[in-house]
> 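Got a structure here, written out as structure tokens. Questions coming.
Lettering follows sequence order; numbering is per chain, from 1.
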Amino acid sequence: MGKDRKDGFEEWDGYMNAKITKLEEQFSKASDPFRQTELFKGISIYVNGHTNPSADELKRIMMVHSGVFHHYERSHTTFIIASNLPDVKIRNMNTSKIISPQWVVDCVSAQKIVDYSKYLLYTNQSTSQPKITFQKVEKDDEPKASNVSSIMRDLAELNAKMKETKPDISPEPKQSGSAMTAVDPKFLSEFYNNSRLHHIATLGAGFKKYVSDLRDKHNGDFPDRQKLKEILPKSEIFVKNGQTVMHIDMDCFFVSVGLRKRPHLRGKPVAVTHSKGKSEHVPLKDGVNREKEMDLFVKKIEKKAQDNVKASNINSFSDKSSLSEVASCSYEARAKGVKNGMFMGLAMKLCPGIQAIPYDFEAYKEVAETLYNTVAQYTLNIEAVSCDEMFVDLTDLLNDVETTPMDFVTALRNEVKEKTGCPCSAGVGSNRLQARMATKKAKPDGQFHLLKENVEEYFQNIAIKELPGVGSSTSYTLNELNWKTCGDLQTVSLYKIQAEFGKKFGETLHQFCRGIDNRPLVYGQIRKSVSAEVNYGIRFKENAECETFLKQLCVEVHARLMDIKRKGKCITLKVMVRAPEAPVETSKFMGHGVCDNQTKSVSLTEFTCDLEVITRTVLSTMRSLNIPPHELRGIGIQITKLNEEAPSKKDSVLMNMFSKVAEKQKDKPLKPKETVVEVDKKSEEKSIKGMFSKMSESTKIKSEEEKKPKTKKKNQPTGNIMGMLQNMPSRKRTSDYLVPDDIDESVLAELPEDIRREILQARSDQQKSIEERVKARITKSVKDKKEEIEEIQEEEQEPNIFLQKDNCRILLAWMQSCDEPDSYDVELIIKNAIDLITRKESHEIYDPIAFMCR
DNA sequence: ATCCTCCCCTAC
DNA sequence: TAAGGTAGGGGAGGAT
């Protein structure tokens with residue numbers, strides 16, 4: 001992402017500032033009992049721009065040492081940490097507190113607050129030239145009175161005193177090497193800094209949020225489309241051609257990014273890995289028994305997965321080659337059989353000339369940001385999959401620009417390549433599955449449009465294990481059954497597939513092998529859990545060490561919970577324990593070896609985001625598991641049953657909702673779409689008629705199972721407006737969540753917290769049930785779409801909202817139930833409005849609309 | 001029936 | 001040496 005923490009990725013809306021302060025207060029209070037040291041007590045930092053250590057790292061350091069990390073500069077921020085800042089930026093800043101990140105590092109290693117004046121980035125005398133001083137700072141430990149404020153001096157003294165009285169604080173390691181095991185206080189941040197999987201997960205989540213934020217802020221205009229209109233040839237084939245989905249994916253992402261700085265390696269077999277890839281053999285610790293571990297591993301997985309990577313990796317267990325994993329390899333290496341996830345030792349055997357290149361996480365982020373921004377110029381109907389991969393609904397865009405998918409994709413890919421220096425591939429189809437499978441064919445550095453008329457034939461020949469969702473375990477079972485291609489699977493009955501793979505997944509397979517995929521693109525996913533786990537370097541001798549680490553991990557997971565501004569009700573501890581027969585020393589350095597896993601969850605009575613509660617729960621859960629600390633090989637903490645997303649400011653809820661409705665109506669006049677394959681009830685992009693035409697279109701692909709409507713929960717309140725209408729009369733506690741018209745601001749402020757929670761929880765059930773019912777309806781063959789609509793309305797006895805007695809209250813409750821309106825609630829309102837208009841009763845609409853505006 | 005907990009599987 | 005994370009979907013089986 002950008003060099004500046006204030007860019008979209010990090011930005012919090014201005015009105016959240018008060019909230020931030022509150023959270024920070026809660027945070028420091030809550031975390032008190034578990035502070036590692038009080039080193040930075042009373043000190044707060046704000047990180048501006050890219051630094052080393054990174055902002056995340058600095059945040060972690062501050063957390064552990066009682067400091068405060070500000071996401072924004074505030075008046076009371078003690079220091080601004082930066083490496084260098086552009087002139088324009090510092091012009092309006094108080095440069096006397098901008099210091100190098102090295103200060104933090106040096107304070108930690110000296111275990112005291114060191115004189116910060118030597119770390120000042122700018123000597124504030126008129127010059128705007130940054131004076132980068134941190135490179136040659138000599139560690140002068142004694143703060144000098146002339147250079148340090150009295151507060152700082154006090155702090156330093158305080159810290160010195162505290163150290164005397166707290167001899168148990170483990171000293172920072174003297175050796176300059178890295179943190180070896182989880183006992184080391186630096187271990188956690190060092191591990192996370194180097195973990196590719198951690199980065200992949202974090203970046204992925206970051207871009208999901210990024211896209212979602214972009215959508216929230218967007219005004220509905222895409223000026224850059226003009227550019228496309230000029231360049232691209234006009235076409236009319238796109239029109240009335242149903243939904244068009246693109247899947248775009250960078251080619252061997254980490255390698256491509258790494259090659260930008262290493263052009264001499266282009267065209268050669270390259271692998272991104274921690275291993276240097278130089279020596280044939282790696283040193284082994286005493287007690288390592290690769291053969292034995294390999295046997296156990298084979299035994300463990302023999303009944304399940306033996307995907308290619310795992311199976312072939314087993315071979316390299318038997319020698320002394322590197323067990324560092326290949327995160328990404330070039331196509332030249334793949335040609336020799338090298339795969340992602342493979343051990344480097346094996347990769348070197350398969351491909352003797354393979355070049356190892358190191359990770360560059362900052363660069364991945366930067367390239368990914370460019371990719372996202374490039375696509376976002378033209379549309380925000382983006383579902384982020386990961387940092388280098390996304391689905392994009394092109395339907396709108398193509399209709400607007402009046403061009404063909406392939407022309408657009410060509411232009412887009414060229415632009416991405418030009419801006420990032422990295423190739424990407426894209427597939428286009430009429431649903432996500434088709435788009436994704438098209439990308440497979442397109443790779444590397446290509447594009448492919450899977451046309452509707454070719455879908456059937458195309459899928460016939462695809463191996464089932466190529467389908468998304470089919471991994472090593474499923475592949476194994478498929479193999480046993482001798483079901484190889486989608487063509488094979490098409491001849492198997494739904495019932496039989498479900499008998500093998502379960503109800504849901506069986507159904508998915510049954511559809512996927514035909515190229516059918518009804519899952520809509522999801523633009524703003526709501527998080528359901530937060531977790532942090534470490535299954536590397538876990539080697540404890542005593543319980544105390546284990547508990548210290550657990551506390552650190554709690555700090556971590558707590559920080560992540562705070563980051564998404566949610567609370568949770570269920571805390572799960574996951575542990576990996578050395579399998580009884582497994583060697584104590586693992587083959588892989590600091591790896592977990594062969595383990596048995598266990599999870600234990602605790603449901604709390606209240607939602608919490610309190611570090612103390614989390615820590616207490618986790619520690620007691622760990623004690624209850626009664627595992628000898630030296631047998632632990634992995635630890636994870638997960639928080640689930642999250643409460644609703646933090647409510648936005650009232651006004652902005654209303655504004656938000658109305659701007660979205662307005663945007664939608666502007667973009668999508670109520671013109672029917674002729675043919676649409678996807679059932680996409682969540683998408684905001686569909687017109688009502690389009691939605692219904694889709695339903696009848698997809699009639700033929702519905703399975704038997706879907707015909708059974710889920711029974712509706714009658715007693716649940718709901719954020720769904722249709723549900724509210726239906727539940728209104730019979731509900732006793734109606735007044736608990738439906739707020740009177742004239743309610744004042746303070747009451748409003750009280751209400752949402754628990755009511756929203758209740759409503760939202762029920763809403764998802766309600767949505768499901770409605771979805772089921774709609775699906776059930778559409779399985780009937782219908783000749784006339786209008787009849788179908790009327791039939792649904794009649795059978796459901798769906799009341800017209802504008803004709804309800806309490807319509808204003810219903811609307812208010814609905815608006816408070818979520819940040820943005822569900823598309824089909826909006827559709828319902830539009831539908832009801834149209835209904836009234838056609839019945840010439842449009843006067844009924846006026847009051848509710850006026851109310852909503854008010 | 002439905003929910004809850006403890007898994008397993010998959011994807012990146 | 002090496003950095004084996006994270007989130008979501010869903011099934012089995014017991015509790016309610």
> Using a cut-off of strictly less than 4.0 Å, decide whether A:S195 has a side-chain nitrogen or oxygen near OP1 or OP2 of C:dG4.
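Looking at the OP1 and OP2 atoms of C:dG4, one of them is under 4.0 Å from a side-chain N or O of A:S195.
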> For the residue pair A:S324 and A:T273, confirm or rule out a side-chain donor-acceptor distance under 3.5 Å.
yes
> Expressed as a whole number of angstroms, how long is the span from A:H198:NE2 to C:dA7:C1'?
14 Å
> Using a heavy-atom cut-off of under 4.0 Å over every strand shown, decide if A:E389 touches base, sugar-phosphate, or nothing.
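Sugar-phosphate, no base atom in range.
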> Heavy atoms only, 4.0 Å cut-off, all strands: where does A:K574 land among base, sugar-phosphate and nothing?
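Touches nothing.
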> What is the distance from CD of A:Q598 to C1' of B:dT5, rounded to the nearest Å?
13 Å
> Round to a whole Å and report the spacing from CE of A:M342 to P of C:dA2.
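Going from CE in A:M342 over to P in C:dA2 covers 15 Å.
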> Within the pair A:R539 and C:dA3, is there a side-chain N or O less than 4.0 Å away from OP1 or OP2?
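No, outside the criterion.
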> Tell me whether the OP1 or OP2 atom of C:dA3 has a side-chain N or O from A:K588 closer than 4.0 Å.
yes
> Are any of the side-chain nitrogens in A:E325 or A:K588 under 4.0 Å away from the carboxylate oxygens of its partner?
yes
> Base, sugar-phosphate or nothing for A:S603? Non-hydrogen atoms, less than 4.0 Å.
sugar-phosphate
> Quick one: is A:Y192 getting a side-chain N or O under 4.0 Å of the C:dG4 phosphate, OP1 or OP2?
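It does not, given that no N or O in the side chain of A:Y192 lies less than 4.0 Å from OP1 or OP2 of C:dG4.
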> With a non-hydrogen cut-off below 4.0 angstrom, is A:G591 in contact with a base, only sugar-phosphate, or nothing?
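The residue A:G591 makes base contact.
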> Within the structure, does a side-chain N or O atom of A:T474 lie under 4.0 Å from either OP1 or OP2 of B:dT10?
yes
> Indicate yes or no: does A:R527 engage A:D563 in a salt bridge with an N to O separation below 4.0 Å.
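No, no charged N to carboxylate O under 4.0 Å.
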> Quick one: which of C:dA3, C:dT6, C:dA7 gets closest to the side chain of A:V530?
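Between C:dA3, C:dT6, C:dA7, the one nearest the side chain of A:V530 would be C:dA7.
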> Measure from the side-chain heavy atoms of A:R436 and tell me the nearest of B:dA11, B:dC6, C:dG4.
B:dA11
> Taking OP1 and OP2 of C:dA7, is either one under 4.0 Å from a side-chain nitrogen or oxygen of A:S531?
yes
> Looking at A:L561, is its backbone amide N or carbonyl O close enough to the side chain of A:R566 to form a donor-acceptor pair, meaning the two atoms are under 3.5 Å apart?
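Not at all, since once roles are kept as given, no pair shorter than 3.5 Å links the two residues.
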> What are the atom names and distances for every N/O pair under 3.5 Å that joins the protein to nucleotides 9-13 of chain C?
unit_1: C:dG9; atom_1: OP2; unit_2: A:K528; atom_2: NZ; d: 2.6
unit_1: C:dG11; atom_1: OP1; unit_2: A:K504; atom_2: N; d: 2.8

> Among B:dC12, B:dT5, C:dA3, which nucleotide sits nearest the side chain of A:S601?
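Selected nucleotide: B:dT5.
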> Whether the A:D596 and A:Q598 side chains hold a donor-acceptor pair (N or O, under 3.5 Å, no angle test) is what I'd like checked.
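No.
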> In this structure, how many angstroms lie between the P atom of B:dC7 and the CG atom of A:L573, rounded?
12 Å
> What is the distance, to the nearest angstrom, from the CZ atom on A:R196 to the P atom on B:dA11?
15 Å
> Using a heavy-atom cut-off of under 4.0 Å over every strand shown, decide if A:D388 touches base, sugar-phosphate, or nothing.
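Contact class for A:D388: sugar-phosphate only.
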> Any side-chain N or O of A:R527 less than 4.0 Å from the OP1 or OP2 oxygen of C:dA7?
yes
> Can you measure A:Y476 atom OH to B:dC8 atom P for me and round it to whole angstrom units?
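Rounded to the whole Å, the gap is 17 Å.
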> Quick one: is B:dT5 close enough that its OP1 or OP2 comes under 4.0 Å of any side-chain N or O from A:T599?
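Negative; the distance criterion is not met.
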> Looking just at side-chain N and O atoms, do A:R539 and A:T586 make a donor-acceptor pair shorter than 3.5 Å?
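There is such a pair (donor and acceptor under 3.5 Å, judged by atom type) between the side chains of A:R539 and A:T586.
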> Answer yes or no for this row: A:H592 ring on C:dG4 base, centroids under 5.5 Å, planes under 30°.
yes
> With distance as the sole criterion, is a donor-acceptor pair present between the side chains of A:S603 and A:K641 under 3.5 Å?
yes
> Return no unless some side-chain N or O of A:S473 is found under 4.0 Å from OP1 or OP2 of B:dC9.
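For B:dC9, OP1 or OP2 has a side-chain N or O of A:S473 closer than 4.0 Å.
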> What is the distance, rounded to the nearest whole Å, between atom OH of A:Y372 and atom P of B:dC12?
12 Å
> How would you label the contact of A:R560 with the nucleic acid (heavy atoms, under 4.0 Å): base, sugar-phosphate, or nothing?
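Answer is sugar-phosphate: A:R560 comes under 4.0 Å of backbone atoms only.
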> Measure from the side chain of A:S324, starting at C-beta and using heavy atoms only, and say which of C:dG5, C:dA2, B:dC6 lies closest.
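It is C:dA2.
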> Just to verify, what does A:E389 make a side chain to side chain contact (heavy atoms under 4.5 Å, CB included) with, not counting sequence neighbours?
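Side chain to side chain contact (heavy atoms under 4.5 Å, CB included) list for A:E389, sorted by chain: A:H247, A:D249, A:V385, A:S386, A:R436.
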> Between A:N535 and C:dG5, is there a side-chain N or O to OP1/OP2 distance below 4.0 Å?
yes
> Quick one: does A:N340's side chain have a donor or acceptor within less than 3.5 Å of a partner on A:C329's backbone?
yes
> Do the side chains of A:E556 and A:R560 get close enough for a salt bridge, i.e. N-O under 4.0 angstrom?
yes
> Taking only side-chain N and O atoms of A:S472, does any of them lie within less than 4.0 angstrom of OP1 or OP2 on B:dC9?
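The answer is no; no side-chain N or O of A:S472 sits under 4.0 Å from OP1 or OP2.
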> Counting just side-chain N and O atoms, does A:T202 come under 4.0 Å of either OP1 or OP2 of C:dG5?
no
> Tell me: CG of A:N597 to P of C:dG5, nearest whole Å?
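Distance, rounded to whole Å: 11 Å.
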